[in-house]
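Below: one structure, written as structure tokens.
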Amino acid sequence: MTKDRSSNINTVQHVSKKRKESHRETTPKIMNDQVEHHAILFYKYGLLSDDSKEMQFYKESMTLLCENLHLTGRVLIGVSRNSEGINGTLASADEEDVRAFTYALLGQDWCRKNIDEKSSVTSCKRRKNVIESFWSASEEFSKKADVPVFRLDTPEDFKWSSVIYPKQDENNHNTDGL
């Protein structure tokens with residue numbers, strides 16, 4: 001995590017090293033020695049906190065969410081009670097892990113109204129536990145900081161894209177010989 005002193009924004013950067021060792025519930029799409037990766041971009045202005053301890057707790061919660069969903073990318077979190085907010089770009093070869101992140105930021109109420117308990121994201125115990133843990137931490141942060149729980153409003157707040165990369169071996173070398 002780094003701090004950009006000029007704009008009072010903290011950066012949560014995460015590259016999952018656990019990815020190789022972790023058991024995957026779904027297999028990424030592999031087509032002719034290529035792997036499809038899914039990415040989301042998102043931002044939202046909102047009240048957070050200017051208290052460094054409170055913000056550290058929220059940043060750690062966000063980092064755990066990304067780590068436990070095996071996401072790579074960057075999330076910028078504004079440190080201010082004045083409508084700063086969050087801006088991020090995250091990706092994974094597992095689309096369901098990316099979707100689970102969106103559910104975490106959409107919040108418990110939205111998910112109860114819109115997501116079937118048997119969906120591929122919420123029926124996975126690991127993902128469900130990760131999401132619920134983040135919701136609990138968000139509630140705790142909200143109470144400590146005396147601000148509303150930070151949520152994105154709709155799935156349309158996330159901009160999705162996909163890209164196909166050459167498949168890599170365990171040493172991150174392309175298997176196509178390039």
Side-chain angles (χ1 to χ4, degrees), residues 1 9-19 22-26 38-160:
M1 192 160 341
I9 292 180
N10 286 283
T11 305
V12 176
Q13 288 185 309
H14 177 68
V15 176
S16 178
K17 297 193 188 275
K18 294 181 187 178
R19 187 176 205 62
S22 68
H23 177 285
R24 308 298 292 164
E25 289 83 10
T26 59
H38 307 275
I40 54 170
L41 289 81
F42 58 95
Y43 74 93
K44 181 177 180 180
Y45 294 105
L47 297 177
L48 290 168
S49 175
D50 51 13
D51 181 279
S52 61
K53 286 184 182 181
E54 291 169 357
M55 288 308 300
Q56 185 63 32
F57 175 79
Y58 188 76
K59 290 180 287 186
E60 288 171 1
S61 301
M62 182 68 70
T63 299
L64 278 174
L65 176 65
C66 293
E67 285 177 353
N68 291 329
L69 292 174
H70 313 289
L71 303 177
T72 58
R74 182 170 68 176
V75 177
L76 301 174
I77 302 173
V79 182
S80 172
R81 287 191 68 87
N82 301 324
S83 271
E84 287 271 353
I86 295 179
N87 180 334
T89 303
L90 296 169
S92 174
D94 190 332
E95 183 177 4
E96 299 304 312
D97 282 341
V98 180
R99 191 166 310 285
F101 179 88
T102 67
Y103 291 175
L105 262 61
L106 287 166
Q108 204 166 9
D109 293 338
W110 186 91
C111 286
R112 277 193 197 126
K113 293 175 189 170
N114 297 285
I115 304 300
D116 181 353
E117 280 296 316
K118 295 178 183 175
S119 82
S120 58
V121 172
T122 56
S123 64
C124 168
K125 187 175 183 178
R126 175 186 62 88
R127 289 187 191 106
K128 186 174 183 177
N129 290 340
V130 169
I131 292 168
E132 289 175 352
S133 178
F134 180 75
W135 288 342
S136 177
S138 293
E139 290 283 339
E140 186 177 338
F141 168 76
S142 172
K143 288 176 185 168
K144 286 181 182 179
D146 194 29
V147 296
V149 174
F150 191 89
R151 294 190 182 104
L152 274 74
D153 300 320
T154 70
E156 289 76 29
D157 291 335
F158 298 93
K159 306 308 176 211
W160 284 79

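Heavy atoms only: backbone and side chains are in, while hydrogens, waters and symmetry mates are out.
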With side-chain contact (heavy atoms from CB on, under 4.5 Å) as the test, would you mind laying out the steps for Leu69 and Arg126 before giving the verdict?
CA-CA 9 Å; Leu69 292 174; Arg126 175 186 62 88; 4.1 Å; yes

All salt bridge (Lys or Arg N to Asp or Glu O under 4.0 Å) counterparts of Asp153, not counting sequence neighbours
Lys44

Start with the C-alpha distance between Glu95 and Arg99, add both sets of side-chain angles, then the distance that settles salt bridge (charged side-chain N to carboxylate O under 4.0 Å, His left out), and finish with yes or no.
CA-CA 6 Å; Glu95 183 177 4; Arg99 191 166 310 285; 2.8 Å; yes

Pairing of Lys144 and Glu140 as salt bridge, 4.0 angstrom limit
yes

Side-chain heavy atoms of Val98 within contact of Leu90, under 4.5 Å
no

Show your reasoning for whether side-chain contact (heavy atoms from CB on, under 4.5 Å) applies to Ile40 and Thr102.
CA-CA 9 Å; Ile40 54 170; Thr102 67; 3.9 Å; yes

Check: Thr63 side chain, Lys59 main-chain N or O, donor-acceptor pair, under 3.5 Å:
yes

Mark yes or no for whether Ser136, through its side chain, and Glu132, through its backbone, hold a donor-acceptor pair below 3.5 Å.
no

Can you measure from CH2 (Trp135) to OG (Ser142) and round to the nearest 0.5 angstrom?
15.5 Å

So, using ring pair (Phe, Tyr, Trp, His ring centres under 6.0 Å) as the criterion, who are the partners of Phe150 when residues are at least two apart?
none

For Asp94, is there an ion pair with Arg127 - N to carboxylate O distance below 4.0 angstrom?
yes

May I ask you to test the Pro155-Trp110 pair for a side-chain heavy-atom distance under 4.5 Å?
yes

Who pairs with Phe101 by ring pair (Phe, Tyr, Trp, His ring centres under 6.0 Å), at least two apart in sequence or on another chain?
Phe42

Answer yes or no: is there a side-chain heavy-atom contact under 4.5 Å between Leu71 and Asp97?
yes

Would you say Ser119 and Thr122 are linked by a side-chain donor-acceptor pair, where the criterion is simply a distance under 3.5 Å?
yes

